[in-house]
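Step one of this worksheet: look at the structure below.
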Amino acid sequence: MGTVVDAPAVVTEKEVVAENMLGDKKVTVVFVLGGPGSGKGTQCSNIVEHFGFTHLSAGDLLRAEIKSGSENGTMIENMIKEGKIVPSEVTIKLLQQAMIKNENDKFLIDGFPRNEENRAAFENVTKISPAFVLFFNCSEEEMERRLLGRNEGRVDDNIETIRKRFKVFVESSLPVIEYYDAKDKVKKIDAAKPIPEVFEDVKAIFAPYANT
Ligand SMILES: Nc1ncnc2c1ncn2[C@@H]1O[C@H](COP(=O)(O)OP(=O)(O)OP(=O)(O)O)[C@@H](O)[C@H]1O
Ligand SMILES: Nc1ccn([C@@H]2O[C@H](COP(=O)(O)O)[C@@H](O)[C@H]2O)c(=O)n1
Ligand SMILES: [Mg+2]
């Protein structure tokens, strides 16, 4: 009888889950965080225009899901009215679908991760870690003034919900920023300055991404 040799373990390409791969494209993800009204959406529009990123706002995706008449619509609407954080699986699915649908490989993910559950679930499900976290720092007094003047008809831009959103930001979102800060991944911006001045600081951070 001939010698029996164990067949070498064959690792197919599909079994290897490479970091930051989305299907067959390698992606760059920047998380854009900051309190409600700190100017995340405003500056993301500028970054899109100058640096060719695609902007995905978790809040916008959730609001679109409500409008689409999805089965989760009522639950999402109630959570937003209360300033609460929607379960991660719902938001991550929307973000993943939006990234897959888009041909770009550079994404600004605005308003996510909002809590520890968001952060851990996104890393586990997607195996994507952010290149860095852009953190817009602003006082509650200034953010409150901006939100009350925004006039976009958002159901959560009223003083009662704004106070709840600030509490959630301090209790659940700041710890996520601290988590990434401990990994030296946070780039903090003074977001209390006028819009063009904030963008000057943002531009300096994104300079390495020009023409990529
Ligand atoms: N630096 C700034 N100075 C003054 N007003 C600003 C500044 N940045 C944004 N704004 C205004 O403040 C309001 C809130 O801005 P924006 O929607 O960008 O905030 P956000 O961080 O995305 O808020 P949210 O978390 O509620 O979505 C808008 O009306 C915007 O025009
Ligand atoms: N990761 C997230 C992001 C947002 N939400 C809910 O949407 C509301 C509005 O978010 P904005 O970023 O547009 O301010 C937010 O207050 C949450 O209710 C969420 O659940 N999870
Ligand atoms: Mg926004």
Side-chain angles (χ1 to χ4, degrees), residues 29 31-49 55-67 70 72-96 98 107-123 125-126 130 133-177 189-203:
V29 163
F31 288 150
V32 182
L33 300 178
S38 57
K40 302 180 293 296
T42 302
Q43 296 299 333
C44 281
S45 301
N46 287 333
I47 300 165
V48 166
E49 201 181 312
H55 174 209
L56 299 177
S57 153
D60 286 351
L61 289 169
L62 290 167
R63 283 183 284 274
E65 189 68 359
I66 299 171
K67 272 202 185 144
S70 119
N72 285 322
T74 308
M75 178 275 288
I76 298 172
E77 191 169 20
N78 289 334
M79 301 291 269
I80 289 181
K81 277 185 188 156
E82 284 301 311
K84 290 184 180 160
I85 299 171
V86 172
S88 299
E89 67 261 25
V90 173
T91 316
I92 290 171
K93 195 167 154 214
L94 295 173
L95 287 167
Q96 263 186 318
F107 295 96
L108 300 168
I109 301 196
D110 160 4
F112 185 99
R114 251 340 202 263
N115 61 9
E116 175 56 22
E117 189 213 358
N118 272 185
R119 184 201 65 73
F122 185 83
E123 274 184 24
V125 172
T126 67
V133 174
L134 190 64
F135 168 41
F136 290 108
N137 190 40
C138 194
S139 70
E140 283 192 5
E141 195 190 14
E142 174 63 16
M143 293 193 291
E144 183 180 307
R145 200 177 8 254
R146 290 179 189 176
L147 292 174
L148 291 175
R150 181 153 58 180
N151 277 328
E152 286 179 3
R154 276 179 53 163
V155 293
D156 53 352
D157 279 352
N158 59 79
I159 192 62
E160 242 178 65
T161 314
I162 288 169
R163 298 238 159 99
K164 291 179 184 168
R165 290 159 71 197
F166 285 164
K167 191 165 185 288
V168 169
F169 176 70
V170 171
E171 290 177 357
S172 303
S173 309
L174 273 180
V176 174
I177 294 159
I189 296 277
D190 177 2
K193 296 196 272 188
I195 294 170
E197 288 178 35
V198 175
F199 189 53
E200 281 308 305
D201 296 343
V202 169
K203 263 201 283 195

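One-based numbering, in listed order, for ligands and for the atoms of each. Below, each value reflects all heavy atoms present in this structure, side chains not excepted, and no hydrogens, waters or symmetry copies.
- Of all the listed residues (Leu148, Thr42, Asp60), Thr42 holds the heavy atom that lies closest to atom 15 (O) of ligand 1.
- With a 4.0 Å cut-off on non-hydrogen atoms, Asn151 does not touch ligand 1 at all.
- Within the 4.0 Å heavy-atom criterion, the part of Arg154 lying near ligand 1 is the side chain and not the backbone.
- Interface atoms of ligand 1 facing Ser38, defined by a heavy-atom separation under 4.0 Å, are 21 (O).
- Distances between N or O atoms of Asp156 and those of ligand 2 include no value under 3.5 Å.
- Counting the atoms of ligand 1 from 1 in the order shown, those under 4.0 Å from a heavy atom of Pro36 are 25 (O).
- A donor-acceptor pair under 3.5 Å is absent between the side-chain atoms of Thr161 and the main chain of Asp157, judged by distance alone.
- Taken to the nearest 0.5 Å, the OG1 atom of Thr42 stands 9.0 Å off from the CZ atom of Phe136.
- Taking distance alone, with nitrogen or oxygen atoms compared against 3.5 Å, Phe112 stays at or beyond that limit from ligand 2.
- Taking each of Lys84, Glu77, Met79 in turn, the one with a heavy atom nearest to atom 18 (O) of ligand 2 proves to be Lys84.
- Heavy-atom proximity to atom 6 (C) of ligand 1, evaluated over Arg63, Arg146, Arg145, is greatest for Arg146.
- Per-residue contacts place Leu147 under 4.0 angstrom from the following atoms of ligand 1 (heavy atoms of the residue considered): 26 (O).
- Residue Lys193 touches ligand 1 through its backbone alone, judged by heavy-atom distances below 4.0 Å.
- Counting atoms of ligand 2 from 1 in the listed order, those under 4.0 Å from a heavy atom of Asn118 are 1 (N).
- When non-hydrogen atoms are compared, ligand 1 lies under 4.0 Å from the backbone of Pro194 (N, CA, C, O) but not from its side chain.
- Heavy-atom separations between Gly37 and ligand 1 include at least one value shorter than 4.0 Å.
- In terms of polar-atom proximity, Val86 is counted as a contact of ligand 2, with an N or O under 3.5 Å from an N or O of the ligand.
- Contacts between Glu82 and ligand 2 below 4.0 angstrom, taking non-hydrogen atoms only, are absent altogether.
- Geometrically, ligand 1 and Arg165 share a nitrogen or oxygen pair separated by less than 3.5 Å.
- Taking only nitrogen or oxygen atoms, main chain and side chain alike, Gly149 does not reach within less than 3.5 Å of ligand 1.
- Considering each of Ile92, Asp60, Leu62, the one bringing a non-hydrogen atom nearest atom 6 (C) of ligand 2 is Leu62.
- The option from Ala191, Gly39, Pro196 that lies nearest to atom 19 (O) of ligand 1, judged by heavy atoms, is Gly39.
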